[in-house]
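Lettering follows sequence order; numbering is per chain, from 1. If you're wondering where the values come from, they're calculated on a predicted model, not measured in any experiment.
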There are 2 protein chains.
Amino acid sequence: MKESERIEMQKELIEYIGRYLEKQGYQPVAGRVLGLLMVMDKEEYTFDEIILAMKISKSSASAALKNLELRGAIEYITYTGDRKRYFRISFSDINIVIEGIERKIKAYADIMDRVISLKKNPNSKNSILLKNISGGTKFFLSQLEDFRNKNHK
Amino acid sequence: MKESERIEMQKELIEYIGRYLEKQGYQPVAGRVLGLLMVMDKEEYTFDEIILAMKISKSSASAALKNLELRGAIEYITYTGDRKRYFRISFSDINIVIEGIERKIKAYADIMDRVISLKKNPNSKNSILLKNISGGTKFFLSQLEDFRNKNHK
DNA sequence: TTATTAGTTCTGCAATTCCCGAACTGTTTT
DNA sequence: AAAACAGTTCGGGAATTGCAGAACTAATAA
């Protein structure tokens with residue numbers, strides 16, 4: 001693969017990641033900026049470099065970067081004697097990824113439980129089904145715990 | 001808890017579920033309709049009953065129901081000699097829920113791998129971090145497989 | 001055949017989201 | 001003190017999404 005081809009593919013991948021993240025609830029520009037920081041070989045971008053690379057306005061960049069930082073997707077560092085921020089992806093390790101999944105599943109299980117507790121007939125078809133899901137979900141969460149213990153060291 | 005209170009709480013829960021699902025990318029009306037089908041004691045709603053309960057237009061109901069069905073969140077049945085559709089939540093069992101999670105994680109791991117394969121320097125900080133995540137993710141997926149085997153019978 | 005039922009599709013308005021340019025803030029350099 | 005730098009905030013236009021009303025379709029009933 002030629003160098004220029006590789007770079008071309010990186011750019012396509014950024015766009016792909018952007019669309020993927022949009023589906024996950026990121027705003028378009030934020031998704032693509034995160035893509036940029038993930039795929040390019042350059043691993044620290046300044047504000048201006050991001051603007052240049054993505055051809056976006058300062059305000060869009062500012063909003064997107066703030067948003068990504070809030071989500072914990074990126075972080076920035078500074079170098080003494082240099083006022084610029086250097087942005088990079090903040091790699092949560094796998095356990096943090098798992099924790100995120102856990103939180104989502106817990107929220108889901110929680111809703112199930114609330115629904116069940118408000119059912120008039122706890123033996124109705126839906127009640128039973130909901131209980132099964134809720135039970136399965138809790139078992140699954142215990143498995144996740146195991147996973148983290150196995151993995152966490 | 002009085003009956004009227006319970007019903008009041010069910011309505012609030014529908015709204016809560018609606019907001020929750022909105023964050024998951026559902027459109028407002030669709031989220032609330034799904035909430036309705038989840039929490040109420042009545043477990044099969046016709047088109048008109050949904051319109052009545054949610055105070056929405058036919059077109060909104062039509063769009064929302066189509067959307068929910070496409071996602072696999074609801075289904076409908078018909079009774080012979082009755083032209084109406086009876087909508088209800090389609091309870092995927094826990095394994096289907098897990099499969100959904102798996103699919104999402106696979107898509108994520110896939111992106112990681114594509115990013116890695118396009119890196120110029122496979123030993124750069126980001127490359128290493130990405131490999132760790134990708135590796136951890138794959139281990140996690142194997143655990144999920146185990147879970148399904150343990151659970152699926 | 002006409003009317004009714006059970007929805008679907010088609011505008012079009014309203015609200016929301018997205019993003020830009022311009023003005024602004026706070027810090028550092030000249 | 002003025003200019004430059006590194007962003008942030010504000011206001012508004014464009015695009016998108018969400019929803020309603022009305023017209024439409026296909027099937028059944030009268």
Side-chain angles (χ1 to χ4, degrees), chain A residues 14-37 42 44-71 73-88 90, chain B residues 14-37 42 44-71 73-88 90:
Chain A
I14 291 174
E15 174 60 22
Y16 179 82
I17 291 174
R19 287 198 304 268
Y20 169 81
L21 292 175
E22 254 183 277
K23 278 180 219 138
Q24 312 295 313
Y26 287 68
Q27 49 191 131
V29 169
R32 279 147 187 90
V33 168
L34 184 52
L36 179 79
L37 297 180
K42 180 177 185 55
E44 285 177 2
Y45 276 78
T46 66
F47 192 88
D48 282 328
E49 285 166 346
I50 289 169
I51 285 173
L52 200 71
M54 304 311 290
K55 294 171 182 24
I56 55 177
S57 70
K58 290 210 286 174
S59 51
S60 296
S62 178
L65 290 169
K66 186 190 281 179
N67 183 283
L68 290 172
E69 214 194 325
L70 231 79
R71 289 176 184 265
I74 64 168
E75 59 191 18
Y76 67 82
I77 47 165
T78 54
Y79 296 100
T80 44
D82 183 347
R83 201 139 59 92
K84 290 192 202 67
R85 278 129 128 143
Y86 291 81
F87 295 92
R88 63 184 187 198
S90 72
Chain B
I14 291 174
E15 175 60 20
Y16 179 81
I17 291 175
R19 287 197 304 268
Y20 168 81
L21 291 175
E22 255 183 277
K23 280 179 217 139
Q24 313 294 313
Y26 286 68
Q27 48 191 136
V29 169
R32 279 149 187 89
V33 167
L34 184 52
L36 179 79
L37 298 179
K42 182 176 183 56
E44 284 178 4
Y45 277 79
T46 66
F47 193 88
D48 282 327
E49 286 167 345
I50 290 169
I51 285 173
L52 200 70
M54 306 309 291
K55 295 170 181 22
I56 54 177
S57 69
K58 289 211 286 177
S59 52
S60 297
S62 179
L65 291 168
K66 187 190 281 178
N67 184 283
L68 290 172
E69 214 193 326
L70 229 80
R71 289 176 183 265
I74 64 167
E75 59 191 19
Y76 67 81
I77 47 164
T78 54
Y79 295 100
T80 44
D82 183 347
R83 202 141 58 93
K84 290 194 201 67
R85 280 134 133 146
Y86 290 81
F87 295 91
R88 62 184 186 198
S90 73

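Scanning all heavy atoms of the two residues, the minimum distance from B:L65 to B:I50 falls at CD2-CD1, 3.9 Å. Here the shortest heavy-atom pairing between B:S60 and B:V29 reads O-CG1, 4.5 Å. Heavy atoms only, all atoms of each residue included: A:E44 and A:I77 are closest at OE2-CD1, 3.3 Å. Here the closest heavy-atom approach between residue B:I14 and residue B:L36 is recorded as CD1-CA, 3.7 Å.
Atom OH of B:Y20 has more than 12 neighbouring heavy atoms from other residues, nucleotides or ligands inside a 6.0 Å radius. Residue B:F47 qualifies as enclosed at atom CZ: its count of foreign heavy atoms under 6.0 Å is above 12.
Looking at residues 75-83 of chain A, you'll see A:R83 sit with a heavy atom under 4.0 Å from some atom of DNA chain C.
Atom CZ of B:R85 and atom P of C:dT5 are 18 Å apart (whole Å). With rounding to whole Å, A:M54 atom CE is found 16 Å from C:dC18 atom P. In this structure, B:I50 atom CD1 and C:dG7 atom P are separated by 9 Å, rounded to whole Å. Computed from coordinates, the A:L65 CG to D:dT9 P distance equals 13 Å when rounded to whole Å. When rounded to the nearest whole Å, the span between OH of A:Y26 and C1' of C:dC18 equals 18 Å. Between the CZ atom of A:F87 and the C1' atom of D:dT8 there is a distance of 12 Å, rounded to whole Å. Here the C1' atom of nucleotide D:dT8 and the NZ atom of A:K84 are 18 Å apart, to the nearest Å.
For B:Q27, the side chain to side chain contact (heavy atoms under 4.5 Å, CB included) partners are B:A30, B:N67, not counting sequence neighbours.
Taking only side-chain atoms of A:F47, from C-beta outward, the nucleotide of C:dG7, D:dG7, C:dA6 with the closest atom is D:dG7.
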Exercise for the section: Go through the steps to decide whether A:I56 and A:V33 satisfy the test side chain to side chain contact (heavy atoms under 4.5 Å, CB included), and finish with yes or no. Expected result: CA-CA 10 Å; A:I56 55 177; A:V33 168; 4.3 Å; yes
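Taking the six-membered ring wherever Trp is involved, the centroid distance between the rings of A:Y45 and A:F87 does not fall below 6.0 Å.
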Nucleotides 19-21 of chain C: which of its N/O atoms have a protein N/O under 3.5 Å away?
residue: C:dC20; atom: OP2; partner: A:S57; partner atom: N; Å: 3.2
residue: C:dC20; atom: OP2; partner: A:S57; partner atom: OG; Å: 2.9
residue: C:dC20; atom: OP2; partner: A:S60; partner atom: OG; Å: 2.1
residue: C:dG21; atom: N7; partner: A:S59; partner atom: OG; Å: 3.4
residue: C:dG21; atom: O6; partner: A:S59; partner atom: OG; Å: 2.7

